[in-house]
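Please read these numbers as outputs of a predicted model, since none were measured by experiment.
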Amino acid sequence: MTGRRSLIPGRPAVQLTAAIVAISLVVACASVLVHSEVESPVIDDWTYAWSVEHLLATGRLHVLDWSIHYPLAQILWAAPFARVIGFSFATLRISTVVLAWVGLLAFFLTLRLAGRDRVTSVLGTLVLFFNPVFFVLTSSFMTDVPFVSVMSVAIALYLLWSARQSTSWLGVAGMVAFASFLIRQIGALLPLTPMAVLPGSRRAALARGVLVGGMLPLAMIGLGWWWIRSALGLTSVYVATESLRFLLSGQALWPRSWPIYAVGMLHCLMHVGLFLAPLALCTLRRTPRKSLIWSAAIVTTLVILSVVQDGRLPRLLEHGAILSLNELGASRDLIHGTAGVRALALPAMITVVGIVLVSAVVLLARFAEALRSTRLDARIVDFNTLFQFAAVEALWLYYDRYYLPLLPGLIYLLVNALDGKMSRVAMAATVLVSAGISVTGTIDNFRYNGAVVAARESLLRQGAAAAEIDAGYALNGWWLYAHPENLPAGWRPESDVAFVTTSRRLPYVVANSPLAGYSVIRIVTWSSLWAVSDHLYVLHWLPEPDGGPR
């Protein structure tokens, strides 16, 4: 073709365009299918939603004291959406979907720069998009997906730098890396990526790279953190972060702390290996035997340490995780009562755990092989994954949504090791299964959250005050902590918000099940696709004069 220069040397621009259109259509269709106008926060996103609302009302950036992150870039990104469309949780979710789409296109570009064909690159991108944890959080204003998306853009720009040896690409990548820091502060590790791989590049690029790609973004991050501390101040939740205080105290280096990290590492490997198992198993025969032996020894050691430390292996699809056998989205744990707990039968669990452990062995082996690669593009992706894993370990981020920054790098190394028709079949099967779980699980999650909102609103229509209704963590956080004007005189958000900062009983509760001392006013039902429950209880408690239940 003439007159159109492709970003990827030797690849016609029209091929990129067709693939980008295909990815965009899938993202758009899936997002429209699960989109909901329900005005309900998801997990912690009410914390960051308040910052957008505050910015629109006052013109000033600020974060709630409940926030552990300073997602300033995400707030600035969402503000124009909210100004044009109108502030709502639905609008904020749209802003996240758009940013997720940008990150997915960047990840597609990353796979193409690695030499993967169009079909393989598209399938690899959809493996990331339809990862159930990634997908459901795309329909939220949480910081996880925006961080992964901006990180993916930075990595793609670093790869363009390595392909073209152009300092301008490196400079832009550094600016995007700084933006990732302004979403989640572990983004401070991203500028270390080019510095780690520069010894393998040309000597002339070394000095420019250290200055432009590493030192300049790090200096900006340092200045940014200084401004955050001086202008916004450290939040109480940030100061009280146990893992951060533990790390800074030096106790992390003590031998008695090592089992904690071993169990956490196994938890991480098993969870990221769960939905990557089909791809990992397809690369098993192509993985060097020596690497597999060493990886198997490491995983076996982690298994032994986990059993010694906790008496069991880390649980997969466990109650309380974003993805569990009960639901997708972890919403049922954020109100009172028990919705029920599902568990796999023992033979099924043994089979799943066995497959996942093999997947973990392959992931470790492939990662070790990739780190020894002399290719700059592979080293950039793999060192970033290594740094993100170090953050998971250092800060005890042992939870399935905190593993999302590892997914692009792990999918990248598995896709690069795949070959043949069966590999595409495995990727397509992974996409289809994951998409089915993601779409239906997200729809279920919104139906559940919509029922909680409807139950709360019915109580308000009956005359109950906002401060008399305990509708769970997210709604209490939004309506009472983030908007303390709804609290009674003398109550403070730092100490008087039910389910958030106090265990105080309120007259009305929206719960998963009946509670002792409360009478059932009504039962709210809906149609559930596969989540564990399809009903809620609206409860009323009348205290006796002595404070006890009537």
Using side-chain heavy atoms (C-beta onward) and a distance below 4.5 Å, is Tyr399 in contact with His271? no
Does any N or O in the side chain of Ser438 come within less than 3.5 Å of the main-chain N or O of Ala435, such that one atom is a donor and the other an acceptor? no
Can you tell me how far apart CG (Asn131) and OG1 (Thr430) are? Round to the nearest 0.5 Å. 11.0 Å
Can you name the closest pair of heavy atoms from Trp530 and Asn326 and give their distance? CZ3-C, 4.1 Å
Over 60° means perpendicular and under 30° means parallel, so classify the ring planes of Tyr48 and His69, tilted if in between. tilted
Any side-chain heavy atom of Thr525 within less than 4.5 Å of one from Asp534? no
Parallel, tilted or perpendicular: which fits the ring planes of Phe181 and Phe178, with parallel below 30° and perpendicular above 60°? parallel
Is the gap between the ring centers of Trp526 and Tyr448 under 6.0 Å? yes
Donor-acceptor pair between Arg332 and Ser533 side chains, under 3.5 angstrom: yes
Does some side-chain heavy atom of Leu317 sit less than 4.5 Å from a side-chain heavy atom of Leu274? yes
Would you please say whether a donor-acceptor pair under 3.5 Å links the side chains of Asp45 and Ser140? no
Do Thr287 and Arg366 meet the criterion of a side-chain donor-acceptor pair at a distance under 3.5 Å? yes
Between Tyr412 and Asp382, does any side-chain donor sit less than 3.5 Å from a side-chain acceptor? no
Which value, rounded to the nearest 0.5 Å, describes the distance between Leu64 atom CG and Trp46 atom CH2? 6.0 Å
With a 4.5 Å limit on heavy-atom distance, are the side chains of Ile298 and Leu364 in contact? yes
In sequence, state the C-alpha distance, the side-chain angles, and the governing distance for Leu276 and Val127, and then conclude on side chain to side chain contact (heavy atoms under 4.5 Å, CB included). CA-CA 8 Å; Leu276 297 181; Val127 168; 4.1 Å; yes
Closer than 3.5 angstrom, by distance alone: can the side chain of Ser31 be matched with the main-chain N or O of Ala28 as a donor-acceptor pair? no
So, for Gly409 and Val381, which heavy atoms are closest and what is the spacing to 0.1 Å? CA-CG1, 3.7 Å
Return the minimal non-hydrogen interatomic distance between Ser180 and Leu190, and the atom names on each side. OG-CD2, 3.6 Å
Identify the heavy atoms of Gly273 and Leu363 that sit nearest to each other, and give their distance. CA-CD1, 3.8 Å
If only atom types and distance count, is the side chain of Thr91 paired as donor or acceptor with the main-chain N or O of Gly86 below 3.5 Å? yes
So CG of Asn445 and OG1 of Thr440: to nearest 0.5 Å the spacing works out to 11.5 Å
Taking every non-hydrogen atom, the tightest pair across Glu39 and Ser88: OE2-CB, 3.3 Å
dist Gln74:CD -> Ser51:OG (nearest 0.5 Å) comes out at 9.5 Å
If you look at every heavy atom in Ala156 and Leu109, which pair is closest and at what distance? CB-CD2, 4.2 Å
Any chance you could lay out the side chain to side chain contact (heavy atoms under 4.5 Å, CB included) test for Phe134 and Val145, step after step, and finish with the verdict? CA-CA 7 Å; Phe134 184 95; Val145 169; 3.9 Å; yes
Heavy-atom side-chain contact between Glu327 and Asp444 under 4.5 Å: no
Side-chain heavy atoms of Tyr473 within contact of Asp44, under 4.5 Å: yes
Take a 6.0 Å sphere around CH2 of Trp294 and say whether it holds more than 12 heavy atoms from other residues, nucleotides or ligands. no
Please round to the nearest 0.5 Å and tell me the distance separating atom CG of Leu189 and atom CG of Leu218. 9.5 Å
Indicate yes or no for a side-chain donor-acceptor contact from Asp400 to the backbone of Ile322 under 3.5 Å, with no hydrogens or angles considered. yes
Given side chains that start at C-beta, do those of Thr283 and Val362 come closer than 4.5 Å, heavy atoms only? yes
How about CH2 on Trp77, more than 12 heavy atoms from neighbouring residues, nucleotides or ligands closer than 6.0 Å, or not? yes
Do Glu369 and Leu413 have side-chain heavy atoms sitting under 4.5 Å apart? no
Do the side chains of Asp144 and Arg184 get close enough for a salt bridge, i.e. N-O under 4.0 angstrom? yes
List the steps, then state whether side chain to side chain contact (heavy atoms under 4.5 Å, CB included) holds for Val361 with Leu292. CA-CA 7 Å; Val361 169; Leu292 285 174; 4.2 Å; yes
Parallel, tilted or perpendicular: which describes the rings of Phe89 and Trp478, with under 30° parallel and over 60° perpendicular? perpendicular
When you measure from the side chain of Ser95 to the backbone N and O of Leu92, does any donor-acceptor pair fall under 3.5 Å? yes
With Val133 as partner, the option from Val272, Leu323, Leu407 fulfilling side chain to side chain contact (heavy atoms under 4.5 Å, CB included) is Leu323
What's the separation between atom CG in Leu344 and atom CE in Met349, rounded to the nearest 0.5 Å? 4.0 Å
Report the C-alpha separation of Leu475 and Ile335 in whole Å, then their side-chain angles, then the decisive distance to 0.1 Å, and conclude whether the side chain to side chain contact (heavy atoms under 4.5 Å, CB included) test is met. CA-CA 9 Å; Leu475 287 177; Ile335 70 172; over 6 Å; no
If you count every heavy atom of other residues, nucleotides or ligands that lies below 6.0 Å from Arg447 atom CZ, does the total exceed 12? yes
Spell out, as yes or no, whether a donor-acceptor pair under 3.5 Å connects the side chain of Ser324 to the backbone of Gly320. no
Would a distance-only check, ignoring hydrogens and angles, find a side-chain to backbone donor-acceptor pair under 3.5 Å from Thr125 to Ser121? yes
